[in-house]
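Working notes for the structure below.
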Number of protein chains: 2
Amino acid sequence: MDRVKLFNDFLSQKGLKSTSQRKLILETFLESASHYSTEELYLKLRKEHPRIGYATVHRTLKLFAECGIAAERNFGDGQTRFESVHADEHHDHLVCTKCGLIIEFEDQKIEELQKLVASQHNFKIENHRLELYGLCKHCRSPK
Amino acid sequence: MDRVKLFNDFLSQKGLKSTSQRKLILETFLESASHYSTEELYLKLRKEHPRIGYATVHRTLKLFAECGIAAERNFGDGQTRFESVHADEHHDHLVCTKCGLIIEFEDQKIEELQKLVASQHNFKIENHRLELYGLCKHCRSPK
DNA sequence: ATCTTTCTGAAAATCGTTTTCAATATCTTC
DNA sequence: GAAGATATTGAAAACGATTTTCAGAAAGAT
């Protein structure tokens, strides 16, 4: 709940201003657990607030990413998506190649094996991404 | 070594033609184990063959991907890269965020755990991507 | 060799993203 | 609460990577 506060602190710390658009965008972004592209969030916002601009939505999403509220993701469809980041929790994705459904998961064993691989190659991991692409429950069944 | 044959078979099967440019691009692509972007391969080719066109390189790389000789990858730098695919072998990547070094690795245990996760969510995996981002051996050390 | 079809390379178009700019809103400070 | 300084907004233009168009060239079939 204090992601709003977190964002406001971030803004004032950087000498940025708290505007009605930024409040609105954050609110809408947090409302749904979806993985928004700029376009998608822009279209959703425009229904209720026709005067909002695409650039503003995009710039604000970038700010979310910068302050850690959101993370930029790319699932190979040519659109950058922003997902809400919850504290230190880390998760990966199952992506349905047919309907676009995105499911999040976490697997501690996989994480550990990743660390092992990295150390074998003398790498210091900063972050990672793991995505499994395939057919979801619904798209698997014939009809 | 029969990736050349594989490509030729693919071409004739689709009613496409075997041209000097396609031969050249495939040869150069296979020569190095690098992860080429269209731009990089284009620049490399142009040194020896100044008349080759960017579009031709790009179209040919797409053909490689289509016939399974290459795979498209995206490491988050805004450029699509094409990497040589060796038969059924599957591998993932360690990417150095400082110098751009890309190391390939394979880990059977991780693959198995992925399958497990997928089945828990009723997914049928078609493919996956796993990338570990961090500092490589050289970039870790102070100087 | 001729004919049909595909291919090539240059340039233009496209797509998502980012920047520019004049008008507007926010945040001081008085 | 008004004035001034600074950041923000939205529309449009710019941008970079990728894709398409098109007329001339090359490949493969007849």
Side-chain angles (χ1 to χ4, degrees), chain A residues 7-28 35-67 70-82 100, chain B residues 4 7-29 35-67 70-82 100:
Chain A
F7 185 53
N8 285 330
D9 289 354
F10 169 78
L11 289 179
S12 61
Q13 191 191 347
K14 295 208 95 183
L16 305 177
K17 291 171 181 173
S18 173
T19 67
S20 64
Q21 287 91 335
R22 287 180 176 162
K23 283 179 208 157
L24 169 67
I25 294 167
L26 178 54
E27 198 178 297
T28 309
H35 294 68
Y36 284 116
S37 64
T38 298
E39 174 105 32
E40 286 167 356
L41 185 51
Y42 167 65
L43 290 176
K44 173 157 186 176
L45 284 162
R46 226 173 47 149
K47 286 181 191 160
E48 299 280 328
H49 307 269
R51 312 227 31 218
I52 203 149
Y54 181 97
T56 302
V57 176
H58 188 261
R59 284 186 284 230
T60 306
L61 282 171
K62 285 284 194 185
L63 285 178
F64 293 171
E66 198 182 330
C67 76
E72 293 187 44
R73 291 267 176 184
N74 190 311
F75 296 109
D77 65 346
Q79 292 213 304
T80 302
R81 285 170 193 286
F82 293 81
Chain B
V4 175
F7 186 53
N8 285 331
D9 290 352
F10 169 78
L11 289 178
S12 62
Q13 190 191 348
K14 295 208 93 182
L16 305 178
K17 291 173 178 170
S18 173
T19 68
S20 64
Q21 288 92 334
R22 285 179 177 164
K23 283 179 206 155
L24 170 65
I25 295 167
L26 177 55
E27 199 178 296
T28 309
F29 178 72
H35 293 69
Y36 284 116
S37 64
T38 299
E39 173 104 35
E40 286 167 358
L41 185 51
Y42 168 64
L43 290 176
K44 173 158 188 176
L45 284 162
R46 228 175 43 152
K47 286 181 191 158
E48 299 280 328
H49 308 269
R51 312 226 31 217
I52 201 147
Y54 181 97
T56 302
V57 176
H58 187 260
R59 283 185 284 231
T60 306
L61 282 171
K62 284 283 194 186
L63 286 178
F64 293 170
E66 197 181 331
C67 76
E72 295 186 44
R73 289 267 176 184
N74 189 312
F75 296 110
D77 65 346
Q79 291 213 304
T80 301
R81 287 170 191 287
F82 293 81

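Letters A, B, ... mirror the listed sequences (proteins, then strands); counts begin at 1.
- Remark: P of D:dT18 and OH of B:Tyr42 are 14 Å apart, rounded to the nearest angstrom.
- We find that CD of B:Glu72 is positioned 16 Å from P of D:dA17, with the value rounded to whole Å.
- For B:Tyr54 and D:dT18, the shortest distance from a side-chain N or O to OP1 or OP2 is below 4.0 Å.
- Among D:dA17, C:dT8, D:dT9, the nucleotide with an atom closest to any side-chain atom of B:Thr56 is C:dT8.
- Considering only side-chain N and O atoms, B:Arg22 lies under 4.0 angstrom from the phosphate OP1 or OP2 of C:dC7.
- Rounded to the nearest 0.5 Å, atoms OH (B:Tyr36) and CG (B:Leu45) are 7.5 Å apart.
- Contact annotation: the side chain of A:Leu61 never approaches that of A:Thr80 to less than 4.5 Å [non-hydrogen atoms, C-beta and beyond].
- A:Leu63 has its CG atom 14 Å from the C1' atom of C:dT18, to the nearest Å.
- In this structure, A:His49 atom NE2 and D:dT9 atom P are separated by 14 Å, rounded to whole Å.
- Considering only heavy atoms from C-beta on, B:Glu40 stays 4.5 Å or farther from B:Leu43 through its side chain.
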Short heteroatom pairs, N/O only, protein and nucleotides 28-30 of chain D, under 3.5 Å:
unit_1 : atom_1 : unit_2  : atom_2 : d
D:dG28 : OP1    : B:Ser18 : N      : 3.4

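- The separation between B:Leu41 atom CG and D:dT18 atom P is 13 Å, rounded to whole Å.
- The distance from atom CD of A:Gln79 to atom P of C:dG16 is 6 Å, rounded to the nearest whole Å.
- Between B:Leu11 and A:Ala55, it is B:Leu11 whose nearest contact on DNA chain C lies nearer the 5' terminus.
- For the atom pair CZ (A:Arg51) and NE2 (A:His49), the distance works out to 13.0 Å, reported to the nearest 0.5 Å.
- Using a 4.5 Å cut-off on side-chain heavy atoms (C-beta onward), B:Arg22 and B:Leu11 make contact.
- Atom CG in A:Leu45 sits about 14 Å away from atom C1' in D:dT9, given to the nearest Å.
- Residue B:Gln21 places at least one side-chain N or O under 4.0 Å from the OP1 or OP2 atom of C:dG9.
- The shortest distance between side-chain heavy atoms of B:Gln21 and B:Thr60 does not fall below 4.5 Å.
- When the nearest nucleotides of DNA chain C are assigned to B:Gly15 and A:Glu39 by heavy-atom distance, the more 5′-ward of the two goes with B:Gly15.
- Between B:Thr56 and B:Thr19 there is no side-chain heavy-atom pair separated by less than 4.5 Å.
- The B:Lys62 side chain lies nearest to D:dT19 when the options are C:dT17, C:dT18, D:dT19.
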Expected rows: protein N/O vs nucleotides 12-15 of chain C N/O, under 3.5 Å:
none

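- Between A:Thr80 and C:dT17, a side-chain N or O to OP1/OP2 separation shorter than 4.0 Å is present.
- The aromatic rings of B:Phe29 and B:Phe64 lie tilted to each other, with the angle between the two planes from 30° to 60°.
- Comparing D:dT19, C:dT8, C:dT19 against the side chain of A:Arg59 picks out C:dT19 as the nearest.
- Counting heavy atoms from C-beta outward, A:Ile25 and A:Val57 have side chains that approach closer than 4.5 Å.
- Between B:Lys62 and B:Glu72, the closest side-chain pair of non-hydrogen atoms falls below 4.5 Å.
- The distance between atom NE2 of B:His58 and atom P of C:dA10, rounded to the nearest whole Å, is 17 Å.
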